A.B. asks: 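Attaching a single structure in structure tokens format; questions to follow.
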Amino acid sequence: MWRSQVRVVLLALCHRWTRGAGRSSRSTRCTGRRTLDVRSIVASADAAYRHWRRVSPAERVEKVAALAGMLRARAEEAAVLINREMGKPVPQAKAEVMKCAYLVDWYAEHGAKFLQDTECPPLPGFKRSYVTYQPLGVILSVMPWNFPFWQVVRMAVPTLMAGNSVVLKLAPNCFGSSLMLEELFGAVPGLPAGLFRALLIDGEATGKVLDEDAIRGVAFTGSTAVGRIVAAKAGSLLKKAVIELGGSDGYAVLADADLDAAARAVVTGRMLNTGQVCIAPKRVLVEKSVKAEFEKKVLDELATKKYGVDFGPMVHATARNQVADLVTATQAAGARLMAGGVDTAAPEGDCGSAFLAPTVLTDVRPGMPAFEEEIFGPVIAITEAEDDGDAVRLANQSEFGLGAAVFTRDVAEGERIAAQDMEAGMCFVNDFVRSDPSLPFGGVKNSGIGRECSVFGMMEFTNVKTICVK
């Protein structure tokens, strides 16, 4: 009972501390939460796992399914919290929470089938051979601030349904969201106490959590530099790791594309979450014969987007300044500014020094910061391509390989390019890349290893165990 009361009080304090500009610094005060140490929290999750793993997969799925209704009932409250912690417009934040509920529903429908034993041809002399999917134990979830509910739920729900428990380390500016998620999971009828726990710790302390014997795997979403460290440590401990890192998604716009649809997709995809999305269209490779026309359509589409609805402030001033520096450096290297820019005045309201106007850069070339680096903000970088083959080549000319897209009226050729030529974990034809519980999510190259969502995400933290009966 006392733990529930402490969570309620601290959640209220996090609400108060994270209002308005300066969200990140004030939210970190929530680290004063409770005095339970990491080992106690991990031990409680391990105890919950040892009970939960004995529950049948079908029953586990059925119990977790109740989370969907709870998310919908508190979507407005959660959206306000997300807005206060990381600046996302409330309508987008509510859509994020509702998408989480949809994911729970999707796994409620399909999860039990995914976890059923798979029959194999019996070995000679044996009467049966099959594969069963057993949970691993306590899984550490290290998640970023840009989708504080979606990133967590899409990892945790299939992982819990598979029989594991989860301890969450969310970004410090979103500790309020972390506590609310712990509260929601803790209130699901039939889930053992401690099955989902929140750790309010810093990055240095997070690294030590992996050393705990009860931790059997880690799911990490974040920067490539930190992801390498997490993957290396998990590897040294022989613990399973799913690593989802950055992206600099290349969108190839071919000469025969529907340019209105292409411009709409690029602008819509890039403005979501104020450009702070790993699978946003960051580089647009346009055949030169249609480049000028495409640019005009992008500017027209951008002009329809409204502050506070379609985009908002960035997460904090430091992030804004990092993006602004990349924009300035790209201009200094010869790119041309078509819209926005670092000197655009902030609108009236509570965004302070975290505002960066939606920006369009053109004549971006390989070697420039906007081409080579992931710009995590509302910046569209347009590069001229000689022809369709050059557009695809430029799209692939990146250390990242998370998402990609190709726009063409020749849908069969677009599908061929997407399937065979684009170097990415996800490639869409004639629309912007998005995540969905039914689709495996993840990348290649420096965008990470492993997959989330779909059946593949549910199986990441299972022991795929072979059984042979003679």
Side-chain angles (χ1 to χ4, degrees), residues 49 52-53 57-58 60-65 67-68 71 96 99-116 118 131-144 146-170 181 185 195-196 215-222 227 230-231 234 239-247 277-279 401-403 424-428 433-444 447-465:
Y49 153 72
W52 183 240
R53 69 188 302 271
R60 293 196 302 256
V61 169
E62 182 180 5
K63 290 183 184 300
V64 176
L67 179 66
L71 285 164
E96 176 182 339
K99 185 175 181 179
C100 292
Y102 163 61
L103 178 139
V104 178
D105 287 341
W106 190 86
Y107 273 110
E109 181 180 355
H110 301 285
K113 291 180 290 184
F114 295 158
L115 294 168
Q116 287 178 352
T118 302
V131 173
T132 189
Y133 306 97
Q134 300 294 304
L136 297 181
V138 185
I139 308 301
L140 172 62
S141 176
V142 184
M143 294 293 142
N146 58 330
F147 289 92
F149 269 62
W150 172 246
Q151 298 271 19
V152 175
V153 171
R154 81 179 185 194
M155 174 272 169
V157 164
T159 301
L160 293 175
M161 286 181 173
N164 303 286
S165 61
V166 171
V167 290
L168 167 68
K169 194 283 182 188
L170 199 53
L181 285 163
F185 277 102
L195 194 67
F196 180 99
I215 300 292
R216 299 311 309 156
V218 57
F220 173 86
T221 297
V230 173
K239 296 183 179 184
K240 181 66 181 291
V242 173
I243 309 292
E244 196 268 286
L245 307 176
V277 182
C278 55
I279 51 170
L402 191 55
M426 300 162 281
C427 191
F428 280 37
V433 180
R434 66 206 64 178
S435 59
D436 187 272
S438 66
L439 304 173
F441 185 97
V444 295
S447 288
I449 51 177
R451 292 294 182 267
E452 294 179 304
C453 294
S454 80
V455 61
F456 301 97
M458 177 165 266
M459 296 306 172
E460 285 285 11
F461 294 109
T462 63
N463 172 17
V464 182
K465 182 190 292 185

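Quantities reported herein were computed from a predicted structural model and do not represent experimental measurements. Numbering of residues begins at 1 and proceeds along the displayed sequence.
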A.B. asks: What's the separation between atom CG in Leu140 and atom NZ in Lys239, rounded to the nearest 0.5 Å?
C.D. replies: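 Interatomic distance, Leu140 CG to Lys239 NZ, rounded to 0.5 Å: 9.5 Å.
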
A.B. asks: Within the 4.5 Å heavy-atom criterion, are Gln151 and Asn146 side-chain neighbours or not?
C.D. replies: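 They are in contact (side-chain heavy atoms under 4.5 Å apart), so the answer is yes.
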
A.B. asks: Report yes if the side chains of Val230 and Val218 come closer than 4.5 Å at any heavy-atom pair, otherwise no.
C.D. replies: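 Sidechains of Val218 and Val230: in contact.
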
A.B. asks: Measuring from Leu181:CG to Phe196:CZ, what's the distance to the nearest 0.5 Å?
C.D. replies: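 Leu181 atom CG to Phe196 atom CZ measures 5.5 Å (nearest 0.5 Å).
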
A.B. asks: Enter the distance from Met143:CE to Phe220:CZ here, rounded to the nearest 0.5 Å.
C.D. replies: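 If I round to the nearest 0.5 Å, the distance is 8.5 Å.
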
A.B. asks: State, yes or no, whether a side-chain contact exists between Ile215 and Val167 at a heavy-atom distance under 4.5 Å.
C.D. replies: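 A side-chain contact exists here, since the closest heavy-atom pair is under 4.5 Å.
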
A.B. asks: Please find the pair of heavy atoms, one from Val104 and one from Ala65, that lie closest to each other, and give the distance.
C.D. replies: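 Looking at all heavy atoms of both residues, the closest pair is CG1-O, 3.6 Å.
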
A.B. asks: Looking only at non-hydrogen atoms, find the nearest pair between Phe185 and Ala156 and report the distance.
C.D. replies: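 Smallest heavy-atom distance, with atoms named: CZ-CB, 4.0 Å.
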
A.B. asks: Would you check, one step at a time, whether the test side-chain contact (heavy atoms from CB on, under 4.5 Å) holds for Val131 with Lys465?
C.D. replies: CA-CA 5 Å; Val131 173; Lys465 182 190 292 185; 5.9 Å; no

A.B. asks: Are side-chain N/O atoms of Thr132 and Gln134 paired as donor and acceptor at under 3.5 Å?
C.D. replies: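 Note: Thr132 and Gln134 side chains meet the donor-acceptor criterion.
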
A.B. asks: For a quick test of reading the model, state the closest non-hydrogen atom pair linking Ala162 to Thr462 and the distance between them.
C.D. replies: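 For Ala162 versus Thr462, the nearest heavy atoms are CB-CG2, 3.8 Å.
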
A.B. asks: Write down the atom of Glu96, the atom of Pro148, and the distance for their closest heavy-atom approach.
C.D. replies: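 Heavy atoms only, the tightest pair is OE2-N, 3.2 Å.
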
A.B. asks: Does Glu452 reach the main-chain N or O of Met155 with its side chain, forming a donor-acceptor pair under 3.5 Å?
C.D. replies: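 Such a contact is absent between Glu452 side chain and Met155 backbone.
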
A.B. asks: Compare every heavy atom of Leu160 with every heavy atom of Trp52, then report the nearest pair and how far apart it is.
C.D. replies: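 It is NE1-O, 2.7 Å.
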
A.B. asks: Can you confirm whether Phe461 sits close enough to Pro135 that some side-chain heavy atom of one is under 4.5 Å from a side-chain heavy atom of the other?
C.D. replies: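 The answer is no; the side chains never approach within 4.5 Å.
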
A.B. asks: To the nearest 0.5 angstrom, please state how far the CH2 atom of Trp106 sits from the OG atom of Ser438.
C.D. replies: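 With rounding to 0.5 Å, CH2 (Trp106) is 6.0 Å from OG (Ser438).
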
A.B. asks: Working to the nearest 0.5 Å, report the span between NZ of Lys240 and CD1 of Ile449.
C.D. replies: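 If we round to the nearest 0.5 Å, Lys240:NZ and Ile449:CD1 are 9.0 Å apart.
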
A.B. asks: Looking at side-chain heavy atoms only, is the closest gap between Tyr133 and Asn463 below 4.5 Å?
C.D. replies: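 Tyr133 does not reach Asn463 side chain to side chain.
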
A.B. asks: Using a 3.5 Å distance criterion without hydrogens, assess whether the side chain of Asn164 forms a donor-acceptor pair with backbone atoms of Leu136.
C.D. replies: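 Yes.
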
A.B. asks: Taking Ser447 for its side chain and Leu402 for its backbone only, find out whether a donor-acceptor pair lies under 3.5 Å.
C.D. replies: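 Yes; at least one donor-acceptor contact below 3.5 Å.
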
A.B. asks: For the pair Glu460 (side chain) and Arg451 (backbone), establish whether a donor and an acceptor sit closer than 3.5 Å, ignoring hydrogens and angles.
C.D. replies: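 Judged by distance alone, yes, a pair lies under 3.5 Å.
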
A.B. asks: Hey, is the main chain of Met161 close enough, under 3.5 Å, to the side chain of Arg60 for a donor-acceptor pair?
C.D. replies: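 A pair under 3.5 Å: yes.
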
A.B. asks: Is it true that, when you exclude Phe456 itself, more than 12 heavy atoms of the residues, nucleotides or ligands shown sit nearer than 6.0 Å to its CZ?
C.D. replies: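 Counting neighbours around CZ of Phe456, 12 or fewer heavy atoms of other residues, nucleotides or ligands fall under 6.0 Å, so no.
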
A.B. asks: Establish, yes or no, whether the cationic atom of Arg154 lies under 6.0 Å from the six-membered ring centre of Phe441 and within 45° of the ring axis.
C.D. replies: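 Verdict for Phe441: a cation-pi partner in Arg154.
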
A.B. asks: Go through the steps for Lys99 and Ser435 under the test side-chain contact (heavy atoms from CB on, under 4.5 Å), then give the verdict.
C.D. replies: CA-CA 10 Å; Lys99 185 175 181 179; Ser435 59; 2.9 Å; yes

A.B. asks: Before giving the answer on side-chain contact (heavy atoms from CB on, under 4.5 Å), spell out for Leu115 and Met458 the whole-Å C-alpha distance, their side-chain angles and the decisive distance to 0.1 Å.
C.D. replies: CA-CA 8 Å; Leu115 294 168; Met458 177 165 266; 3.7 Å; yes

A.B. asks: OH of Tyr107 to OG1 of Thr159: how many Å apart, nearest 0.5 Å?
C.D. replies: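 If we round to the nearest 0.5 Å, Tyr107:OH and Thr159:OG1 are 8.0 Å apart.
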
A.B. asks: Considering only heavy atoms from C-beta outward, does the side chain of Leu439 approach that of Cys453 to under 4.5 Å?
C.D. replies: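 Result no, sub-4.5 Å side-chain heavy-atom pair not found.
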
A.B. asks: Would you name the heavy atoms of Pro144 and Thr221 that are closest together and state the gap between them?
C.D. replies: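 Minimum heavy-atom separation between Pro144 and Thr221: CD-O, 3.4 Å.
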
A.B. asks: Assess the residue pair Val138 and Val166 against the criterion (side-chain contact (heavy atoms from CB on, under 4.5 Å)); give the C-alpha distance rounded to whole Å, side-chain angles, the decisive distance to 0.1 Å, and a yes or no.
C.D. replies: CA-CA 6 Å; Val138 185; Val166 171; over 6 Å; no

